[in-house]
Amino acid sequence: MKRVIALLLVVILSVGMLAGCSKNSNNSGTKDDGAGTATNGGTDNSKEVNLVLYLYGSEGVANKDILAKLNEKLKASINTTIEVKYIDWGDIATKYPLMWSSGEKFDMAYIAATANVPYATLVKQGALADITDLLDKNAPTLKTALANQWDSVKVDGKIYGVPTDYSEYTSYGFVSRKDLMDKYGVSSISSIADMEKYMDAAVADGQVPLNGKSNLSNDLYRTFIGTTGGWINAPGISESELYLAADKDDISKIFAPAFTDEFEAFAVKMHEWEEKGYWSTDILSSSQDDKDNFYNGLSAGYISHQPDWTGSFGTQEQKLPGVESEFYCFPEANGKIVRASGVNNATGISANSKYPDRCLQVIEKLMTDKECYDLFQYGIEGRQYELKDGKVTRPATYDEKKDAGGFASWAFRTDALNIPQLTEDPRRYTLNDAWSKVAIDNPFVGFSFDSSKVNTELSAISNVNSQLGIQILLGKTTQDPKAAVAEYRKQLKTAGIDNVVKEVNDQWTAFNASK
């Protein structure tokens, strides 16, 4: 995913649905027993507790103010407050694994099936608390609200994470400028050939079509998977790297695309794209990505997923006034738009937490209580946001230097409480509605790959991908592209790719046999 620092995050307001977050108006079972002892479904909450929650991103200037408001409500209702600690975007690959392995004391954290330490691996390592038998007592409203999502986080029948309940289609595609399409005589873009026609014209016009930095390589890999046959993303290798795939029409086997004829052909094409000038010659040392350059008028296109494209509508209006953009969705033509599952974004409770019951109570508040949800998702009304025509927007008094703030709280989003933002392209909901009728269910829902047996191999593969894999996809190898692919395959074999593919297939087969 393109990184999204949520300074103004998605919001909610579902009229008449849920009561507020105060002690006297909440629906999570918290009450005063008449003797001054706060209880929650029979749990003794008389002791005030502060919990530590880890999230991705950095701290906004107003985050402490938002959190103070939220903690007032949490303390009044469940006698609990939270402290947010941040993992900066550039530190995720190193800090996230260390956070779990070091024995650090914290209570909750963002987790996902495709995180740098996968959800199932955290379960296998005993890093997460088993919350299966805690839900009825501590989060009954949440348990009911997420009824359709719990299967996505079950491991051996047990629940170790709280999944999101937000409908999303994170299919990748190519974003182009409508004014340039008109100028170049490109009526529509719905294939790689159309992309090339547009990008060739952009180069002739003095534009750099994909003017980005080295992370473009991963987006080009997504382009490859998304436009190739029935291929879909599969577990085994982090999706921030050159991941594994399966065929939607035969998911019995997971494979490494690098060893296919299709990958070799794509490598040759990427070498051609580099020679044509589709990206800058210094891309390996550049610091600005294609999306940022696009909105600064320095790139004719960029590659991202649909929610990122539609969510950048406000930025586009501000930086490129009067310019419209178009989105060519890679997997759409091949009928393989996949519905996101709850385990894609989830929250885990650390096995080291002394208060898993309180953690669940907090998560329930943040996901089902309107007032708490509002604060956590988009800030303080009148300061970070206001509602205009039923949509979230910034107030006229908003000052980025003192009011900017928000949390990377994707794992806590729900369809029940989400409402659109004024800065979103309305096509997000048009496309979501259309795709909901044709999308396929993720065949790997409920299956969580445990990488603990192949961590050494995965680390070695990561090194190969970060060096030669990136160079191949950016056409930057000193060798002929076919020779580079042969060397890449050799290095992957040495790193242990066969062991990884075998392990993921063994676990996948066992999972299916147990159903």
Side-chain angles (χ1 to χ4, degrees), residues 1-2 4 168-212 215-216 218-228 269-270 273 276-279 288-338 391 420-439:
M1 273 191 186
K2 295 281 184 179
V4 179
E168 195 168 40
Y169 300 90
T170 54
S171 298
Y172 273 74
F174 175 65
V175 180
S176 57
R177 287 177 53 153
K178 184 65 168 61
D179 59 334
L180 294 183
M181 289 174 63
D182 293 341
K183 180 179 180 180
Y184 303 151
V186 179
S187 59
S188 65
I189 299 176
S190 57
S191 67
I192 291 292
D194 291 340
M195 273 181 68
E196 290 178 317
K197 181 179 179 181
Y198 174 80
M199 293 193 290
D200 284 339
V203 171
D205 192 34
Q207 296 265 357
V208 181
L210 290 168
N211 189 14
N215 66 353
L216 174 64
N218 197 250
D219 290 333
L220 292 170
Y221 187 75
R222 293 184 175 107
T223 304
F224 166 58
I225 298 295
T227 57
T228 302
K269 183 175 284 293
M270 292 305 96
W273 282 16
K276 285 183 174 184
Y278 285 2
W279 43 83
Q288 193 93 323
D289 69 17
D290 54 347
K291 178 185 173 183
D292 290 334
N293 281 327
F294 180 87
Y295 290 115
N296 289 324
L298 301 174
S299 184
Y302 70 93
I303 297 170
S304 189
H305 55 75
Q306 185 260 79
D308 181 51
W309 165 57
T310 53
S312 300
F313 183 65
T315 300
Q316 182 174 309
E317 285 192 319
Q318 179 185 5
K319 294 194 171 186
L320 296 172
V323 172
E324 296 181 13
S325 60
E326 296 291 335
F327 183 74
Y328 156 43
C329 178
F330 299 142
E332 188 170 22
N334 293 327
K336 53 181 187 177
I337 292 175
V338 180
K391 296 182 179 180
Q421 295 189 43
L422 203 61
T423 54
E424 290 177 327
D425 191 318
R427 286 176 288 184
R428 168 180 289 193
Y429 299 96
T430 303
L431 286 172
N432 281 358
D433 182 61
W435 289 350
S436 69
K437 298 176 176 63
V438 298

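Just so you know, these numbers use all the heavy atoms, side chains as well, and skip hydrogens, waters and symmetry mates. Throughout, residue positions are numbered sequentially from 1 according to the sequence presented.
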Mind checking side-chain hydrogen bond (donor to acceptor under 3.5 Å, both in side chains) for Asn432 and listing every partner two or more places apart, or none if nothing turns up?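 By the side-chain hydrogen bond (donor to acceptor under 3.5 Å, both in side chains) rule, Asn432 matches Gln306.
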
Does Lys178 have any side-chain hydrogen bond (donor to acceptor under 3.5 Å, both in side chains) partners at least two apart in sequence or in another chain, and if so, which?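 Once residues adjacent in sequence are excluded, the partners of Lys178 under the side-chain hydrogen bond (donor to acceptor under 3.5 Å, both in side chains) criterion are Asp182.
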
Walk me through it: do Ser299 and Val208 pass the test side-chain contact (heavy atoms from CB on, under 4.5 Å)? CA-CA 5 Å; Ser299 184; Val208 181; 5.6 Å; no

Among residues at least two apart in sequence or on other chains, which ones pass ring pair (Phe, Tyr, Trp, His ring centres under 6.0 Å) with [X]?
X: Trp309; result: Phe327
X: Phe313; result: none
X: Tyr198; result: Phe174, Tyr184
X: Trp435; result: none

Do other residues, nucleotides or ligands put more than 12 heavy atoms under 6.0 Å from the CD atom of Gln288?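 Buried by this count: over 12 neighbours within 6.0 Å.
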
Could you check if a side-chain atom of [X] sits within less than 4.5 angstrom of a side-chain atom of [Y], using non-hydrogen atoms only?
X: Ser304; Y: Asp219; result: no
X: Tyr429; Y: Pro420; result: yes
X: Leu320; Y: Arg177; result: yes
X: Leu210; Y: Leu216; result: yes
X: Met195; Y: Tyr328; result: yes
X: Glu332; Y: Ser171; result: no

Check: Ser325/Gln316 side-chain N/O donor and acceptor closer than 3.5 Å: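 The answer is yes; a qualifying pair exists.
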
Could you tell me whether the side chains of Gln318 and Tyr295 share a donor-acceptor contact shorter than 3.5 Å?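 Note: Gln318 and Tyr295 side chains miss the donor-acceptor criterion.
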
Side-chain donor-acceptor contacts of residues 186-193 below 3.5 Å, not counting sequence neighbours, with atom names and distances?
residue, atom, partner, partner atom, Å
Ser190, OG, Asp194, OD2, 3.3
Ser191, OG, Ala193, N, 3.4
Ser191, OG, Asp194, N, 3.1
Ser191, OG, Asp194, OD2, 3.3

Nearest heavy-atom neighbours spanning Gly297 and Gln207: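 Heavy atoms only, the tightest pair is O-OE1, 4.5 Å.
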
Heavy-atom pair with the smallest gap, counting every atom of Thr170 and Pro307: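 Here Thr170 and Pro307 meet closest at CA-CD, 4.0 Å.
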
If you round to the nearest 0.5 Å, how far is CG of Leu298 from CG of Asp290?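 If we round to the nearest 0.5 Å, Asp290:CG and Leu298:CG are 12.0 Å apart.
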
Value rounded to 0.5 Å, distance of CG in Asp308 from CZ in Arg428: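 If I round to the nearest 0.5 Å, the distance is 9.0 Å.
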
Take Asp289 and Lys291 through the test salt bridge (charged side-chain N to carboxylate O under 4.0 Å, His left out) and record every step on the way to the result. CA-CA 6 Å; Asp289 69 17; Lys291 178 185 173 183; over 6 Å; no

Under the side-chain contact (heavy atoms from CB on, under 4.5 Å) criterion, do Phe224 and Leu220 qualify, and how do the steps go? CA-CA 6 Å; Phe224 166 58; Leu220 292 170; over 6 Å; no

Who are the side-chain contact (heavy atoms from CB on, under 4.5 Å) partners of Ser436, not counting sequence neighbours?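 Listed in chain order: Tyr169, Asp433.
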
What pairs meet the salt bridge (charged side-chain N to carboxylate O under 4.0 Å, His left out) rule with one or both residues in residues 196-212, with sequence neighbours excluded?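 Those involving residues 196-212 are Lys183-Asp205, Glu196-Lys269, Asp200-Lys276.
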
Sub-6.0 Å ring centroid separation between Phe294 and Tyr302: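 Close enough - the centres of the two rings lie under 6.0 Å apart.
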
Could you walk me through whether Ile303 and Tyr172 satisfy the side-chain contact (heavy atoms from CB on, under 4.5 Å) test, starting with their C-alpha distance in whole Å, then the side-chain angles of each, then the deciding distance to 0.1 Å, before giving a yes or no? CA-CA 7 Å; Ile303 297 170; Tyr172 273 74; 4.3 Å; yes

Can you list everything that forms a salt bridge (charged side-chain N to carboxylate O under 4.0 Å, His left out) with [X]? Sequence neighbours excluded, please.
X: Glu326; value: Arg427
X: Lys319; value: none
X: Lys391; value: none

